[in-house]
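In what follows, every chain begins at residue 1, and chains take the letters A, B, ... in the order their sequences are listed.
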Protein chains: 2
Amino acid sequence: MKTTRNTTAKTAVLEIFEKSTTALSHTEIYKELHDVCDRVTIYRILDRLINDDIVHKISNLDGTVKYAKCNHSHQKVHIHNHAHFSCENCNEITCLENVKPSYIMPHNYKVNEINFTLSGICPKCLNSNI
Amino acid sequence: MKTTRNTTAKTAVLEIFEKSTTALSHTEIYKELHDVCDRVTIYRILDRLINDDIVHKISNLDGTVKYAKCNHSHQKVHIHNHAHFSCENCNEITCLENVKPSYIMPHNYKVNEINFTLSGICPKCLNSNI
DNA sequence: ATATATTTGCAACAATATTGCATTAATAAA
DNA sequence: TTTATTAATGCAATATTGTTGCAAATATAT
């Protein structure tokens with residue numbers, strides 16, 4: 001198995017995820033790191049982090065792609081089966097760790113992963129709009 | 001209210017949706033219509049169809065965007081709150097009209113729309129892989 | 001048949017993502 | 001600590017996806 005190295009850029013990306021309470025787009029990450037590394041490097045770091053199961057990818061209703069750090073406490077196996085909320089006002093995406101949809105599937109489908117994204121207005125915007 | 005016209009290109013797009021059992025990307029639609037109309041026209045037709053509530057937009061786990069015809073039988077109001085299935089093998093997206101997730105949201109969120117996409121292996125691929 | 005407002009094509013542009021390749025740097029081994 | 005190995009990076013080029021402005025074409029109402 002190939003090892004994945006701890007580089008300056010990778011550490012910087014992880015720090016940004018640590019600080020952030022919302023999911024981040026490639027562009028948002030690059031804005032903070034434009035003097036640390038190249039645009040392309042960030043794409044490659046994100047790919048690696050996804051592969052290593054440290055970060056997961058979220059695609060918004062409008063087609064924009066964001067990334068968030070997984071916080072699988074200490075489970076061996078984990079599935080990103082929690083929901084995401086996408087605010088139509090501030091465009092922030094937050095993980096709703098505790099929202100887990102229940103559903104009944106037709107037979108003959110093998111489900112590996114689910115993506116449950118809700119959109120609307122987040123509490124922050126709901127309050128400030130009064 | 002502005003009227004939306006029935007043009008050759010729009011009719012052609014609708015025919016493609018009619019024929020297809022899966023959701024289609026802009027690229028897939030354009031492949032069939034490259035001698036009927038321009039790339040841009042298809043984007044604009046899709047925009048109109050979404051506005052007219054004839055087509056809905058689905059964004060896949062990998063960030064790709066697809067479109068599918070709504071089959072809201074005869075309801076006055078309808079919400080696209082059904083699930084979609086994205087096959088990891090053939091990459092087709094199908095609407096699971098009858099799969100409707102139930103979930104409990106934290107307070108203070110105003111939910112306007114939901115997107116529930118499951119990925120894995122579809123029945124067709126499951127059978128052919130035996 | 002004519003008026004008018006929508007739709008289209010084209011060209012240009014913007015944003016996002018990918019690839020090849022030489023160089024740099026992190027890690028393992030000596 | 002030094003050296004060897006291979007992952008990671010930077011840069012340039014390219015691909016893909018989506019958007020905009022404007023003149024010309026076309027669908028619809030009158």
Problem set entry | Presence of donor-acceptor pair under 3.5 Å, side chain of B:Arg5 and base of C:dT6 | yes
Exercise. When you look at A:Asn112 and B:Ser119, which way does the side chain to side chain donor-acceptor pair (under 3.5 Å) test go after all the steps?
Worked result: CA-CA 6 Å; A:Asn112 291 335; B:Ser119 67; over 6 Å; no
Problem set entry | Base-contact (B) and sugar-phosphate-only (S) positions in nucleotides 15-23 of chain D, heavy-atom cut-off under 4.0 Å, - elsewhere | --BBBBB--
Exercise. Could you give the CG-to-C1' distance, from B:Asp38 to C:dA11, as a whole number of Å?
Worked result: 10 Å
Exercise. For D:dT9, does OP1 or OP2 lie under 4.0 Å from any side-chain N or O of A:Thr8?
Worked result: no
Exercise. Rounded to whole angstrom units, what separation is found between the OH atom of B:Tyr30 and the C1' atom of C:dG9?
Worked result: 11 Å
Seminar exercise, completed: Testing D:dG10, D:dA8, C:dT8 for proximity to the side chain of A:Thr7, the answer is D:dA8
Exercise. Whole Å only: how far is the CD1 atom of B:Ile42 from the P atom of C:dT8?
Worked result: 10 Å
Problem set entry | is_close_aromatic(A:His56, A:Tyr67), centroid dist under 6.0 Å | no
Seminar exercise, completed: Atom CZ of A:Arg48 and atom P of D:dT6 are separated, to the nearest Å, by 17 Å
Exercise. Taking the six-membered ring for Trp, are the ring centroids of A:Phe116 and A:His84 within less than 6.0 Å of each other?
Worked result: no
For this session: Please report, rounded to the nearest Å, how far the C1' atom of D:dG10 is from the NE2 atom of A:His34.
Result: 16 Å
Problem set entry | A:Thr117 and A:Ser86 side chains, donor-acceptor separation under 3.5 Å | no
For this session: Please state whether the phosphate of D:dT28, meaning OP1 or OP2, lies under 4.0 angstrom from any side-chain nitrogen or oxygen of B:Thr4.
Result: no
Problem set entry | Distance, rounded to the nearest Å, where A:Lys31 contributes NZ and C:dA15 contributes P | 10 Å
For this session: Tell me whether A:Val36 is reachable from A:Tyr43 by hopping between hydrophobic residues (I, L, V, M, F, W, Y) whose side-chain heavy atoms are closer than 4.5 Å.
Result: no
Exercise. Does the side chain of A:Lys100 pick up a donor-acceptor pair with the side chain of A:Asn98 at under 3.5 Å?
Worked result: no
For this session: Specify the separation, in whole Å, of atom NZ of A:Lys10 and atom P of D:dT9.
Result: 9 Å
For this session: Look at the rings of B:His34 and B:Tyr30 and say which category their plane angle falls in: under 30° parallel, 30 to 60° tilted, over 60° perpendicular.
Result: perpendicular
